[in-house]
Structure formats: structure tokens, C-alpha cells
Amino acid sequence: MTVLPSSDRKYRRSPPRSPLLPQKLDDDQSFDAHGSGFDGASTSGAVFNLSTTIVGAGIMGLPAAVNQLGLIPGLLTIMFVSMLTESSIDMILRFSRASKSKTYSGVATDAFGGAGSNILQACIVINNLGMLVVYMIIIGDVLSGTSVDGFHHGGVIEEWFGQHWWTTRSALLLFTTFFVFAPLISFKRVDSLRYTSALSVALAVVFVAITAGVVIVKLMEGKIGMPRLMPKLVNQASFWKLFTTVPVVVTAYICHHNSKS
């Protein structure tokens with residue numbers, strides 16, 4: 001039997017296994033295709049930004065969607081869309097490694113080319129503009145109130161300071177746009193929003209706690225009736241109205257573009 005020298009045995013060994021995910025950026029410098037420009041976002045920033053995207057204004061529309069669909073179809077729809085969201089995000093994360101891309105647009109570029117990446121960027125811009133409109137509506141309703149059938153429901157600012165020109169809906173929205181939205185969207189990196197995202201998650205938790213407390217008190221007082229289990233279909237218009245819940249449910253689960261930010 002021939003005994004190989006130690007130098008030959010060293011080259012006959014199996015190559016070392018690389019980890020599935022790089023422990024640091026130096027372990028895999030090639031994992032930066034398509035010009036991702038990734039410069040090391042913090043873990044806390046990624047967690048809070050993704051959390052505030054998931055627990056956003058979209059969840060406020062889910063009660064109305066369940067009320068329209070009924071309790072059983074509404075809960076089944078929410079579970080079904082959540083499963084689709086989980087599967088799609090898992091697919092994005094799985095194939096981002098194969099395409100050596102760290103961004104959502106990088107994965108789209110590898111799969112669909114430059115045109116697909118441009119379409120994706122346009123869709124993200126349209127989605128963000130739509131969500132800003134939703135935020136503006138919610139802020140206007142909460143701060144300045146709403147008027148329904150000639151009856152005005154006062155907002156928080158009106159209840160605190162009364163009705164003035166600077167407590168009107170237009171004035172409050174103008175102030176919010178220039179002094180809240182404009183500074184926040186001026187940051188170059190999404191990671192810079194980690195503190196405001198953490199505040200948003202904390203306020204969402206407070207909102208859920210207050211809502212749960214109100215519901216528990218109403219249940220103990222017997223002021224909450226049995227919810228409708230199935231949708232109420234009286235004519236063809238009510239049937240087509242059920243489909244208006246689709247964008248509400250889908251929007252509540254959109255967080256894909258932040259999963260690779």
C-alpha cells in the first residue's frame with residue numbers, strides 16, 4: 001500500500017463546508033449582486049422596520065372586512081392570506097441566496113431582468129403613495145374628526161383646544177405633511193427609521209391593549225351582541241361588495257419589500 005505524503009493528503013481532503021448564511025459581510029463578499037448598496041443595517045432596525053410594516057394601518061381595516069364577510073369566512077380569509085404571505089416571503093428569502101442578492105429589487109432583477117425590476121420599483125412607489133393616503137385619512141379622522149350625515153364627530157385636537165382655523169382638517173394635514181412625513185421620508189437609509197418604527201410598534205401594542213380592555217368591559221356588561229357568522233346577501237350589489245374586502249386583507253399583509261431591506 002502506498003502512503004501519500006502529508007502534503008498530498010491535505011489536498012485530498014473534502015473542501016470545507018461554507019455556512020448557509022454568512023456570519024459577517026467578509027465571509028461572502030460576492031453576495032452583493034445587482035448593486036444592492038448594502039452597508040450593514042442593524043438587527044434592531046430590521047426587526048422594528050419589518051414589524052411596523054406588518055403591524056401597520058392595514059390591520060385597522062380587518063375588522064371592517066370581517067364585518068362585511070362574516071366571522072367564519074373573514075377568519076378563513078385572513079388565515080389563507082397569511083399562509084400565502086408566509087410562503088411568498090419564504091420564497092423570496094430562499095431565492096435571494098441563489099441570486100446572490102440582498103435586496104428585493106435584486107431578486108426581481110435576477111428573475112425578470114431590468115424591466116421587471118423597474119416595474120417592481122414602480123409598484124412599490126404606488127403602494128407607498130396609497131399607504132400615505134390611508135395614513136392621511138386616518139390622521140385627519142382622529143385629529144380633526146369626521147362629518148357623517150350632517151353630524152360632526154369631533155377629533156382629539158378639537159376636543160382639547162376647541163374649533164379654530166389651526167384645528168381644521170386641512171391645517172392639521174398640512175402640518176403633518178411638512179413636519180412629520182417630509183422629514184421621515186428624507187432619510188437615505190430605511191435603518192434610520194428604527195426609532196420611529198419602534199415607537200409605532202409600541203403604540204400598536206397600546207392600541208391592542210386598549211381595544212381588548214374595552215371589549216372585555218363591554219362583554220361583562222352584556223353590551224356586545226353575537227357577531228354575524230356568514231355574509232348577508234340580499235341582492236347582487238351586496239354580493240359584489242364582498243370583493244371590496246380583497247384589497248383590505250391583502251394590504252394588511254404587505255411587507256415583502258421590507259423583508260429584504
Side-chain angles (χ1 to χ4, degrees), residues 31-39 41 45-62 64-65 68 77-140 173 176-177 180-194 196-197 200-201 204 240-261:
F31 191 38
D32 193 22
H34 311 302
S36 62
F38 181 79
D39 54 356
V47 170
F48 286 126
N49 287 331
L50 185 59
S51 299
T52 193
T53 307
I54 298 173
V55 189
I59 64 172
M60 296 185 178
L62 291 180
Q68 184 68 34
T77 302
I78 292 175
M79 294 174 59
F80 176 70
V81 176
S82 65
M83 293 172 59
L84 290 180
T85 302
E86 180 183 6
S87 300
S88 58
I89 292 179
D90 179 73
M91 189 181 304
I92 293 173
L93 296 178
R94 188 181 299 272
F95 286 97
S96 63
R97 180 67 183 183
S99 63
K100 297 182 181 180
S101 302
K102 287 183 178 179
T103 61
Y104 192 17
S105 60
V107 178
T109 302
D110 184 78
F112 305 107
S117 178
N118 294 333
I119 294 176
L120 172 67
Q121 297 291 349
C123 291
I124 292 177
V125 170
I126 295 174
N127 173 75
N128 291 341
L129 288 176
M131 293 307 299
L132 283 176
V133 173
V134 173
Y135 289 141
M136 296 289 281
I137 294 175
I138 294 175
I139 291 174
L173 292 181
T176 304
T177 301
V180 179
F181 287 156
L184 292 179
I185 65 177
S186 299
F187 289 110
K188 183 177 180 180
R189 299 175 55 203
V190 179
D191 186 63
S192 302
L193 299 175
R194 58 186 181 275
T196 56
S197 297
S200 300
V201 174
W240 292 111
K241 193 175 181 180
L242 297 178
F243 292 94
T244 59
T245 61
V246 175
V248 175
V249 177
V250 173
T251 303
Y253 282 92
I254 289 180
C255 59
H256 302 71
H257 53 283
N258 268 6
S259 63
K260 293 295 296 176
S261 296

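Just so it is clear, the values below take in all heavy atoms, side chains as well, and ignore hydrogens, waters and symmetry mates. For this chain, numbers begin at 1 and follow the sequence in order.
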Minimum side-chain heavy-atom gap Leu184-Thr196 below 4.5 Å = yes
Answer yes or no: is there a side-chain heavy-atom contact under 4.5 Å between Val133 and Leu129?
-> no
Mind listing the closest non-hydrogen atom pair of Ser117 and Ala108 along with its distance?
-> CA-CB, 4.4 Å
Enter the distance from Phe112:CZ to Thr109:OG1 here, rounded to the nearest 0.5 Å.
-> 10.5 Å
Step through the shown structure and confirm whether more than 12 heavy atoms of other residues, nucleotides or ligands are within 6.0 Å of CD on Gln121.
-> yes
Side chain Asn118, main chain Gly114, donor-acceptor under 3.5 Å | yes
To the nearest 0.5 Å, tell me how far Leu132 CG sits from Ile139 CD1.
-> 9.0 Å
Any chance you could measure Leu93, atom CG, to Ser88, atom OG, to the nearest 0.5 Å?
-> 9.5 Å
Closest approach of Gln68 to Leu242 (non-hydrogen atoms, all atoms of both residues) = O-CD2, 3.5 Å
